[in-house]
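Quick note on labels: first sequence line is chain A, next is B, and so on, each numbered from 1.
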Amino acid sequence: MSAKYREFSGLNLPAFEAEILAQWSEKQAFEKSVSLREGATPFVFYEGPPSANGMPGIHHVISRTLKDLVCRYKTMKGFQVKRKGGWDTHGLPIELGVEKELGITKEDIGKKISVEEYNQKCREAVLRYKDKWDDITRKMGYWVDLNDPYITYHNEYIETVWWLLSELYKKGLLYESVSIQPYSPAAGTGLSSHELNQPGTYKDVKDTSAVAMFKAIRNEKSEFLFKAIETGGSIDHTQIFDLKQMLEAKPQTSDTFFLAWTTTPWTLPSNLGLTVGPNIDYVLVETYNPYLHVPVNVILAKQLLNKYFDLTGIDINSIKTGLKLVSHLDTKKISKWKILAEFKGKDIEGCEYEQLIPYEANSPKVIEEITPGAKPFRVLVDSFVTTEDGTGIVHTAPAFGADDFKVGKKYGIGILTMVDRQGKFVDGLGEFSNRYVKNYKDDPNYVDVNVDIAVKLKKENRAFKVEKYEHSYPHCWRTDKPILYYPLDAWFIKTTAIKDRMVELNKTINWKPKSTGEGRFGNWLENMVDWNLSRSRFWGTPLPIWKSEDETEEKCIGSIEELNSEIRKAAEVLGGETNKHYLHEGILDLHKPYVDEIILVSASGKPMKRVPDLIDVWFDSGAMPYAQWGLPDTSSNQFGPLSAENFFKYHEASKTPPSEGLGEAVFPADFIAEGVDQTRGWFYTLHAIAALVFDSVAYKTCVSNGLVLDKNGNKMSKRLGNVVDPFKTIETFGADATRWYLITNASPWDNMKFDLDGIKEVQRKFFGTLYNTYQFFSLYANVDGFAFKEKYIPLKDRSEIDRWILSSLNTVVKKANEYMDDYEPTQAGRVIEDFVDSHLSNWYVRLCRRRFWKGEYEQDKICAYQTLYECLETLTRLIAPISPFFSDYLFQNLNAITKRFDAASVHHVSYPSIDETQNPPTGGRGAIEESLEERMQLAQDASSLILSLRKKVNIKVRQPLQKVLIPALNASMKKQLQQIEELIKAEVNVKEIEYPDPGNTIISKKIKPNFVALGKKLGPKMKAVSAALAQFTQEDIVLFEKEGQYNLSIDGEPVILQIAEVEISSEDIPGWTVANKGSLTVALDITVTPELEAEGNAREFVNRIQKIRKDSGFELTDRVEVRVKAANGLKDSLAQFKDYICAEILADKLEFVPEIQDGTEIEINDVSLNVIVLKKG
RNA sequence: AGAUCCGUAGCUCAGCCUGGUUAGAGCACUACACUGAUAAUGUAGGGGUCAGCAGUUCAAAUCUGCUCGGGUCUACCA
């Protein structure tokens, strides 16, 4: 007895997976899947490092499934795919976690706890959940090398990061500058955007807001405004409501003011500019100061007139120059005003104005000292200005706003910081000097300086409107005090210098979906600003820059070796205690506080200290393509000093043998995948560093997956308690079902609503069906001892249905390859799913069941086995990337018997491709026969229609019927139908099929236009022709078909229709029971003759006996004897089909007896009878 | 505020790029059937203003514009 295919008692995916996991680790299946491809073309994949100080979630499972399936697929396609794992270990979340755990705050660092201890705690916390991550990685079937991961806090990693920074430094792309950052005066520290996004930081507060009046200076630029005032505006007579008043109008003053609104009056002493929108409409308005009632002329955005002026009854868009109104008294808004001129923002660019609040501290002299050459107090133009609030003119204090800073820099207006780091005004600001701009000290007697400033402005005819304004403003999450935006020193990477190159390189990247790359990412690149690297933290990569105290000299370190040599040099030059702890072994840890203890020496012999900043952790992860390998050994010096050009060459050369090393084989990546939230994170930092240092893309294809939401479409969060535990999910449903669900439910880049019921469905529907099909196969294959020992039977010798399922299979193979190559696993999975369900299981297996259990083990049966086996085996390989466990399980169970592959795992074999060696008898490529697939579809449709008819008239399938009519619309359709006639007949239990020819008159026909063809030809006449066709009689249609064309008259114009321009289908066959679908029509003869009824009875009888056999527990092959006590009518039916019955039920004897003891009572078509079935022997 | 994705049956999704006249599938529900794949399967049925409005067109779920709703990222502003 030969070995048998394993059979199972039930589908238990988690149990199968546990078995496979044990096997994988025992056989080192992953390692082997890589080593087996030694020497093959590499497919480069980068693992985006997760942070292991939090638990993995279900959203990690989707992106990792995506990564895994692509890597597995590429491996099966013959590439060598190395997957080095990695961990992101620096950054604020880790610091915060440690602080929470120790119950300390940032202020305590260096006091209650030393930096050394603190960083030690961080180091310990960093991989806290590593075992959980390793566990989920294993259980979800993610093959990645966890034994040798890159870890961002390791010295070798940091060293490479330093080297990259030093390369940037050498290129002049690393510079120090001020930037405007959120700053908490109360806490005395800058805040990160992350900190600003803590819940509760944005609060609604009421602030004193002021519309300040900046007095315009008359000069060339502003001359047109003053001209307008003198002439009283260019009068538009059609708009004059009151001609008398208009003529009387004389400008009472030439004083003209730009109106600018602020919610932070304390920034006004630092004002250096006014910004307007280039295409915003502004107006010059003659009016009066509402507080002092003195005449003034003011400039503001036209759209915002109604905020200050009474516009009752006026459409703002119809306001024209010259329009004056004196109206409604009952309003808080100003009712006396007149438009003198209208212009665009860009028209007043460069206009100058008088400083609003001049003191010694902000005098032009001081400005010149701080920023030599600055030209302040001008009107600037920038697109960030809106007309949502205020006046459409933005008071610009470069020190206290990012936009202000940017535009200020563009125009060179200088910078004034009239507030110190404690949050109080500096000296030299008169009565405001040394006053806190907000109540940072919880002073109960605090007087709001903003109010005083507003009062001063009011008195001086410099305030147009002052009011309390409620808005949301960010607060420091630790002190609860309002933050302010403050200029702080920071180090930047000049990404803007190579913006165009980055945009260009981006165009070569294959983004999935395209919109992420072109839209979100492309846009981000277009609007890029320089990368602010600085962070004032403790646990992170230190910026390797040392500076002399007078800031005239600095040095950027690019390697440990360089640092150590500089350490020694400084000790020699500076002497004393300098670096004495680092002379012996050099530096052992590149973190704080050690690096900060090191003093270097400048070229001129001055001591230099490290600038205290750490770098943005995103630089860490973006440096991963290089830092994961560390700096190469350059001692051979065969390529010269280390550079971007030879970085990987050295790596390659330093490995033995060199061919196995790292060359082009590691950079750039062929493929990366992460969540779409990484677009401006990892995707960007990878791209930026690669472009800056290596002038290359970092990845050729980037797949970004969407969010995983809960089943109601809400974001998963611990707070809402709707997070899905990936461990539990996988334990309950299996990794395969979870993976399959995640991939096929929606395109990975769409947000997906995660629903456990969906996994259940996948499990039942897809895996259940596949499992059943395998069970079915193994059941009979074991009986017959099929082990694929026989020669492969060529297609031409196989039956129609075998060729059909193989053709379908190959079509699926073809599509799956195309979709996988296109990074569309969702489509691939759906195609496979559909094949398993509607083709393999519900048609092939169902129709072929008999072939497996009936008859001897000869040609046809072997064909059936070979066919089904090929389908199953191919499927296991097709689904292997998406469902790595079950596929391997089935594959191994199949292969264990047939040994068709010399491989321990499905992941070591090749992905199926079309079998070009097969030549189907009717032509086609590989095993694909399109016409065969087409006619099988016809058969399925026809059968489905006939079954629906039987259902309609309530005649069960077991009752044979005589005839079916299927009108063939043309000769080829008839031929197609004839070839599948036997199939249909068997499927629907009908004795004959007739195909009335097109010319027949039995069938009534329907005609409708072929819209695609006719629409182009007829255009507007389409409707009329459509209506005319609907009126056609049967005779008209027959005539049309005979003539091949038809003359119509539409609106008196002749229209000639060709036969190809209409679609004719059969609709009805009078006197028959008819159904149709598309162009297919079937008509069923539902007459049950006595002869047919007898046969129906016989079939019913067979069915009942089979059930008895099964209930009695007989083996499939047991022979039986049957005795029946039956009524006469039934007895005749049975006797008539005795041979048939005996053959079906494996009976050697069928006796009719008058009486039966202990028989089984059965019922056939409402007639009872009694039978006894005895096993022979 | 900007960018981007999404909105089709109770639920999950096709269809949209390339417009064509009965808008599909699965799940769920109901009824029926099948019974040597049986914790499986088939058939039928109900269920839709294709988010809304406007436009282009002989024809719009499909193309264009706007609006609304949801998500995400970035920014945070006088």
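Residue pairs meeting the side-chain hydrogen bond (donor to acceptor under 3.5 Å, both in side chains) criterion with at least one partner in residues 768-778 of chain A, sequence neighbours excluded, are A:Y771-A:Q775.
Counting non-hydrogen atoms under 4.0 angstrom, A:G758 reaches nothing in the nucleic acid. If you check every strand for non-hydrogen atoms under 4.0 Å, A:N1103 touches sugar and phosphate atoms only. In this structure, A:S841 reaches the bases: a heavy-atom distance under 4.0 Å links it to at least one base atom across the strands shown. Contact annotation for A:R830: backbone-only contact, meaning every heavy-atom pair under 4.0 Å involves sugar-phosphate atoms and none involves a base.
Screening A:F754, A:F733, A:F766 for a ring pair (Phe, Tyr, Trp, His ring centres under 6.0 Å) involving A:Y741 leaves a single residue, A:F754. The only member of A:F852, A:Y5, A:Y844 that meets ring pair (Phe, Tyr, Trp, His ring centres under 6.0 Å) when paired with A:F777 is A:Y5.
Spacing between B:G24 and B:U18 at atom P, rounded to whole Å, works out to 23 Å. For the P atoms, the distance from B:G48 to B:G65 is 31 Å, rounded to whole Å. Rounded to whole Å, the separation between the C1' atoms of B:A23 and B:U62 comes to 11 Å. Of the C1' atoms belonging to B:G45 and B:A39, the separation is 26 Å, rounded to the nearest Å. When the P atom is used for both B:C13 and B:G7, the distance is 10 Å, rounded to whole Å. Comparing B:G69 with B:A25, their C1' atoms are spaced 27 Å from each other, to the whole Å. Comparing B:C63 with B:A37, their C1' atoms sit 49 Å apart, to the nearest whole Å.
Out of B:G20, B:A37, B:C77, the shortest distance to the side chain of A:M1022 is found at B:G20.
Salt bridge annotation for A:E824-A:K815: absent, with no cationic side-chain nitrogen under 4.0 angstrom from a carboxylate oxygen.
Looking at which nucleotide of RNA chain B each of A:N745 and A:W843 is closest to, the 5′-most match is held by A:N745.
Counting only heavy atoms from C-beta outward, the side chains of A:T208 and A:K468 approach each other to under 4.5 Å. The shortest side-chain heavy-atom distance between A:L259 and A:M213 falls under the 4.5 Å cut-off.
Between B:A28 and A:R764, a contact under 4.0 Å exists linking OP1 or OP2 to a side-chain N or O. Considering only side-chain N and O atoms, A:Y485 lies under 4.0 angstrom from the phosphate OP1 or OP2 of B:C77. In this model, the phosphate group of B:U41 is not approached by any side-chain N or O of A:N842 to a distance below 4.0 Å at OP1 or OP2.
Helical stems in RNA chain B, defined as runs of 3 or more consecutive Watson-Crick or G-U wobble pairs with both donor-acceptor distances under 3.5 Å, are listed by first residue as B:1-7 with B:68-74, B:10-13 with B:24-27, B:29-33 with B:41-45, B:51-55 with B:63-67.
Proximity of the aromatic rings of A:Y684 and A:W618 is defined here by a centroid distance below 6.0 angstrom, and this criterion is not met.
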